[in-house]
Number of protein chains: 2
Amino acid sequence: MPLLPYTCPTNAGRAERFQHRTDMNSAPKLSDQLCFAAYSFAHALNRAYRPLLEPLGLTYPQYLVMLVLWEADGQTVKEIGSRLRLDSGTLTPLLKRLEATGYVSRQRGSRDERQVIVALTDAGRALSEKATRVPLDLGCAMGAGREEIADLRDRLVALRDRLADAGCSVGEPET
Amino acid sequence: MPLLPYTCPTNAGRAERFQHRTDMNSAPKLSDQLCFAAYSFAHALNRAYRPLLEPLGLTYPQYLVMLVLWEADGQTVKEIGSRLRLDSGTLTPLLKRLEATGYVSRQRGSRDERQVIVALTDAGRALSEKATRVPLDLGCAMGAGREEIADLRDRLVALRDRLADAGCSVGEPET
DNA sequence: CCCATATTGATTGCGCGCAATTGAATTTCG
DNA sequence: CGAAATTCAATTGCGCGCAATCAATATGGG
């Protein structure tokens with residue numbers, strides 16, 4: 001039994017439903033692909049954020065970590081990673097850079113010596129004020145209404161979660 | 001005069017339209033942000049593509065380059081970059097890896113010695129067959145209908161292009 | 001209590017992405 | 001024609017992302 005209702009046991013047979021090009025016999029076209037749209041949109045966002053975050057001394061991923069900590073101070077690397085869907089291989093050096101900049105502190109937990117508690121410094125807390133303006137400027141730049149943005153966000157999150165759940169079964173032979 | 005109708009000369013005054021959180025005085029929330037949704041969706045796509053492309057010996061950005069070449073063989077680095085919105089700093093090493101794998105050839109143009117023509121090898125052309133299946137499997141994994149995917153794609157592309165156009169003016173002082 | 005197992009974060013290696021610079025070839029214009 | 005400006009690809013440096021591996025700590029069963 002498939003893990004998902006969306007899994008296609010007979011890919012060849014039902015492929016037409018997901019065919020986004022006119023010529024069935026040629027390679028898929030770049031412009032037709034949702035994947036490339038998402039890929040290039042994400043990079044465009046990163047480029048748009050860069051000049052806004054640079055005065056704050058943050059990169060975009062660092063800004064995401066700060067968002068997480070502004071919501072709840074004093075989280076473990078694991079907790080931050082599960083919120084952002086990043087692992088320690090990405091977070092450890094990133095957090096060290098945030099520590100070097102002076103926005104967070106890192107110390108081993110006393111109850112469990114395996115985990116590292118990441119906490120905001122005064123400078124890190126204070127940064128929250130300046131950062132408030134950032135997403136507003138971006139909203140302006142995109143020129144999309146509040147409800148359109150919310151709708152798009154919800155669709156993306158839904159697809160992301162379905163992809164993540166399906167991830168382990170996609171491409172595997174259907175036993 | 002602003003370059004765009006979407007530029008906000010008085011950010012503070014019109015900010016409410018782009019406020020996606022209930023508490024106006026606290027930092028923006030991660031879960032409210034379209035930006036994080038796009039960011040995490042793009043990474044989820046990359047993770048989903050990886051096991052499908054690995055048997056073909058491609059990474060996702062390399063797959064995008066192959067898509068471009070399958071559409072039109074024999075393009076310059078500049079042309080490929082403008083389609084994918086990548087620069088030579090990213091493409092040059094990537095193309096060298098594709099050349100090492102044996103999917104493309106790179107040679108200086110005879111008419112203009114500055115440019116490098118990237119062409120498919122026989123192996124690169126042949127790969128198109130196997131790659132046809134990849135986006136179909138992904139469509140299955142996402143479990144979204146043809147029209148929903150097309151709609152989402154168009155919205156993302158529209159926002160991306162608006163962001164790219166606005167990029168140069170966002171965050172600048174309004175003289 | 002002791003050992004097998006699991007969890008947590010750090011480390012290494014590789015491939016992007018992008019800013020900034022360089023060098024060579026070409027175009028523009030005086 | 002020839003100098004200056006422009007274009008194109010390559011290079012360098014840095015910061016992610018992620019797979020794979022490792023060491024230290026915690027936990028549960030015998």
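A, B, ... follow the sequence lines: proteins, then strands. Residue 1 opens every chain. Values reported hereafter were calculated over all heavy atoms of this structure, with side chains retained and with hydrogens, waters and symmetry mates removed.
- Atom-to-atom, CD of B:Glu113 to P of C:dG23 comes out at 19 Å; the value is rounded to the nearest Å.
- Distances shorter than 4.0 Å separate none of the side-chain N or O atoms of B:Arg50 from OP1 or OP2 on D:dC18.
- At the phosphate of D:dA10, OP1 or OP2 sits under 4.0 Å from a side-chain N or O atom of B:Thr92.
- Nearest-nucleotide positions on DNA chain C place A:Arg108 closer to the 5' end than the other of B:Ser110 and A:Arg108.
- In this structure, NZ of A:Lys96 is placed 6 Å from P of C:dA10, rounded to the nearest angstrom.
- Side-chain atoms of A:Arg85 and B:Ser40 form no donor-acceptor pair, as typed in the model, at a separation below 3.5 Å.
- One atom, NZ of A:Lys78, and another, C1' of C:dT7, lie 7 Å apart when rounded to the nearest Å.
- Residue A:Arg106 places at least one side-chain N or O closer than 4.0 Å to OP1 or OP2 of C:dA10.
- No side-chain heavy atom of B:Leu86 sits less than 4.5 Å from a side-chain heavy atom of B:Ile80.
- Contact annotation for B:Leu91: no contact, since no heavy-atom pair falls under 4.0 Å across all strands.
- Note on A:Thr90: every side-chain N or O is 4.0 Å or more away from OP1 and OP2 of D:dG17.
- Atom CD of A:Glu148 has more than 12 neighbouring heavy atoms from other residues, nucleotides or ligands inside a 6.0 Å radius.
- The residue among B:Thr59 and A:Asp112 whose nearest nucleotide of DNA chain C is located toward the 5' end is A:Asp112.
- We find that CD of A:Gln115 is positioned 9 Å from P of D:dA26, with the value rounded to whole Å.
- A:Leu94 comes within 4.0 angstrom of the backbone, heavy atoms only, and of no base.
- Map A:Arg85 and B:Gly89 each onto its nearest nucleotide of DNA chain D; the residue landing nearer the 5' end is B:Gly89.
- A:Tyr49 and A:Tyr63 have tilted rings, their planes meeting at an angle from 30° to 60° on a 0 to 90° scale.
- Taking atom CG of residue B:Leu45 and atom C1' of nucleotide D:dG17, one finds them 15 Å apart after rounding to whole Å.
- In this structure, B:Tyr39 does not reach the D:dC16 phosphate: none of its side-chain N or O atoms is under 4.0 Å from OP1 or OP2.
- Atom CZ of B:Arg114 is separated from atom C1' of C:dA24 by 9 Å (rounded to the nearest Å).
- Here the side chain of B:His43 is nearest to one of D:dT25, C:dT11, D:dC18, namely D:dC18.
- Note: the hydrophobic cluster containing A:Val157 does not contain A:Leu84 (ILVMFWY, side chain heavy atoms under 4.5 Å, direct or indirect links).
- Here the nucleotide nearest the side chain of B:Val77, chosen from C:dA10, D:dA9, C:dC18, is D:dA9.
- The distance from atom CG of B:Leu84 to atom C1' of C:dG17 is 12 Å, rounded to the nearest whole Å.
- One can place CD1 of A:Ile80 at 13 Å from C1' of C:dT8, the figure rounded to the nearest angstrom.
- With C:dG9, D:dA26, D:dG17 as the candidates, the nucleotide lying closest to the side chain of A:Pro61 is D:dG17.
- Closest to the B:Arg97 side chain, of the nucleotides D:dA10, C:dA10, C:dG15, is C:dG15.
- More than 12 non-hydrogen atoms from other residues, nucleotides or ligands lie less than 6.0 angstrom from CD of B:Glu113.
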